[in-house]
2 protein chains.
Amino acid sequence: MDPKQDSDGFRPLDREGLVQRVARLLSKAIVTGQLSQGERLSESVVARQLGVSRAPVREAARLLENSGLVTYLPNRGFFVRSMSARELGNLYEFRLVIESAAVRRLIRDGLGESEAKLIGQIEEMRRVAGPGFDMLTQVEADMQFHRLICAGSGNPKFLNTFEQIAMESELTIMMIGRLYDDAQRLAETHVPILDALLRHDEAEAVEALRYHIEVARDLVVEQFRKMEDEQD
Amino acid sequence: MDPKQDSDGFRPLDREGLVQRVARLLSKAIVTGQLSQGERLSESVVARQLGVSRAPVREAARLLENSGLVTYLPNRGFFVRSMSARELGNLYEFRLVIESAAVRRLIRDGLGESEAKLIGQIEEMRRVAGPGFDMLTQVEADMQFHRLICAGSGNPKFLNTFEQIAMESELTIMMIGRLYDDAQRLAETHVPILDALLRHDEAEAVEALRYHIEVARDLVVEQFRKMEDEQD
DNA sequence: GATTTGGCGATTGTCGACAATTTACTTGAC
DNA sequence: GTCAAGTAAATTGTCGACAATCGCCAAATC
């Protein structure tokens, strides 16, 4: 009997716990806007709706708190995270710091197998950039590119931190609603980053990353401010 | 087991939740080495020892997981985090990235009330640097200086991220055991950081921070490697 | 004798109920 | 009519119990 090859595809069992399933449902509901920001997340209500007890719901909510999707107030409960324009700016500043560091290490250590992955991800982004694909798909393809950078950096802390704020970033983008028109253009601003990475040009890669993130930030913040004005 | 440990310098807020109290006790037990690394944290045992049920213990452990003090394996439970020399290096690299960014923003926005706090913290570090103070006090005074930098940066994400890895840093330092001899010297390497901050010299402040963190890293890693060799 | 398989003990996963706390409402006084 | 206090409803905080799962060890098989 030869044991199962533990190559790359080493996950035959999809048995994910109840907590993860609840967390995924909740996060999807939040990101897709089914739950509006500031809304209360009643443990009892969610538990009843999903047909489970409060315990796994509570743990799932705690997980989402780490991802910044919900906030928790003692003796008050969980609420869908609401973002101000200021917090949004802070989020993008933070992303720039983390990803810049990841880019530096990635270049210093050599890209390795990340090279092919990044190139492939650019292709993927172009593929889903056109109409016919929903925004969630486009956003996730975008995030995946940045995730690959952090994953390849060699320091797991960069990836961990990125994962924590990735959901938050998705949330803000989905909140905006229609970044759709600019999906194609935004996708192309990833190319200079990749080019610089392939040339092992550290300064240029960081600069391209800075430009890309600041463009995205300005786009999001601008739309966000418009929405705020409309609601006032 | 000691009945009461009310002697720590925190506010005895009765309004503090049971979860936080458990989390604090556990983290203290881990940092002070009462719980050795790799050791299992049985929910039932901890709950029985503290006279509470498993629910708050479980939540507290989840909190500690975010701080990197324990790791969680599905259907297996919680274990006290064990660190390799490699992870330790990654931790300090990460700290350098976060704190450098915080320093830059701190200078750009102006120090404000952080100035007095930082100066006062240097005094505090000198006060507890000598003999007669236990290492935990010295380490916490050190961490508080860095915490103040992140707190004053204007971007709460820097502080949040710092808090997540602060415990982890304390853990590694306490693991080493006796950084004691160098407490005085290490304390003084904070001074150049403060000086540069007061002069609003961004480049110099970052450089001083880099030097300080790398000195600390080398000290810890070196001692850590010695310990590893002894155990082999 | 080595490997597999079945059962046993222990631990985590989940649940429903009760206690503590907060919020909203009602009632009363000014 | 407004504000305050008291009370009731709803929600979170905590608990003990039961079910599902994992690791270990002995027995059985080749």
Side-chain angles (χ1 to χ4, degrees), chain A residues 1-6 10-27 29-30 35-67 69-82, chain B residues 10-27 29-30 35-67 69-82:
Chain A
M1 306 270 186
D2 51 0
K4 295 167 187 171
Q5 293 181 350
D6 41 312
F10 50 79
R11 229 164 274 173
L13 288 181
D14 281 4
R15 282 187 36 214
E16 66 174 352
L18 186 54
V19 172
Q20 277 91 17
R21 229 179 308 171
V22 174
R24 176 170 314 186
L25 283 177
L26 280 180
S27 64
I30 294 176
L35 276 60
S36 50
Q37 63 175 17
E39 188 173 339
R40 180 194 206 97
L41 270 190
S42 172
E43 298 177 8
S44 332
V45 172
V46 174
R48 204 162 22 235
Q49 285 179 343
L50 297 181
V52 298
S53 89
R54 278 173 50 210
V57 173
R58 197 177 168 83
E59 280 203 35
R62 272 259 145 86
L63 284 183
L64 264 59
E65 189 194 8
N66 299 343
S67 305
L69 260 59
V70 304
T71 56
Y72 167 75
L73 291 85
N75 294 319
R76 298 280 313 278
F78 296 92
F79 296 83
V80 177
R81 170 84 179 275
S82 63
Chain B
F10 276 92
R11 297 173 182 174
L13 274 185
D14 278 353
R15 305 295 290 170
E16 186 181 28
L18 185 55
V19 171
Q20 277 90 17
R21 231 180 307 171
V22 173
R24 180 171 315 183
L25 285 178
L26 279 180
S27 64
I30 294 176
L35 276 60
S36 50
Q37 64 176 18
E39 188 173 336
R40 182 195 205 97
L41 269 190
S42 171
E43 298 176 7
S44 332
V45 172
V46 174
R48 204 165 19 239
Q49 284 179 345
L50 297 181
V52 298
S53 90
R54 277 175 50 209
V57 173
R58 196 178 170 83
E59 283 202 34
R62 271 263 147 84
L63 284 184
L64 264 58
E65 188 193 8
N66 298 343
S67 305
L69 260 60
V70 304
T71 56
Y72 167 75
L73 290 83
N75 294 320
R76 295 284 313 279
F78 296 92
F79 297 82
V80 178
R81 170 87 179 273
S82 62

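In what follows, chains are A, B, ... by sequence order, proteins preceding strands, each numbered from 1.
The distance between atom CD of B/Glu39 and atom P of C/dT11, rounded to the nearest whole Å, is 13 Å. In this entry the distance linking CZ of B/Arg48 with P of C/dT12 reads 11 Å, nearest Å. The CZ-C1' distance, from B/Phe78 to C/dT11, rounds to 12 Å in whole Å. One interatomic measurement links the two molecules: CG of B/Asn75 to P of D/dG23, which rounds to 9 Å at whole-angstrom precision. Rounded to a whole Å, the CD atom of A/Glu43 is 17 Å from the P atom of D/dA10. Rounding to whole angstrom units, CZ of residue B/Phe79 and P of C/dT11 are separated by 11 Å. A straight line from CG of B/Leu18 to P of C/dT21 spans 12 Å, rounded to a whole angstrom.
For the pair B/Arg54 and C/dT11, the criterion of a side-chain N or O lying under 4.0 Å from OP1 or OP2 is not met. Close to D/dA10, at under 4.0 Å from its OP1 or OP2, lies no side-chain N or O of A/Ser42. One finds no side-chain N or O of A/Tyr72 lying less than 4.0 angstrom from the OP1 or OP2 phosphate oxygen of D/dT11.
Toward the 5′ end of DNA chain C lies the nearest nucleotide of A/Glu59, the other residue of the pair A/Glu59 and A/Arg76 mapping further downstream. Nearest-nucleotide assignment on DNA chain C puts the 5′-proximal partner with B/Ser44, out of A/Arg40 and B/Ser44.
A/Leu73 comes within 4.0 angstrom of nothing in the nucleic acid, heavy atoms only.
Among A/Val19, A/Leu18, A/Val22, the one residue that satisfies the side chain to side chain contact (heavy atoms under 4.5 Å, CB included) test with A/Glu59 is A/Val19.
Residues B/Ile30 and B/Leu64 meet the side-chain proximity criterion, which asks for heavy atoms closer than 4.5 Å.
The shortest heavy-atom contact between B/Gln37 and B/Ser82 is OE1-CA, 3.7 Å.
Relative to the six-membered ring of B/Tyr72, B/Arg62 meets both conditions, a distance below 6.0 Å and an angle of at most 45° to the axis.
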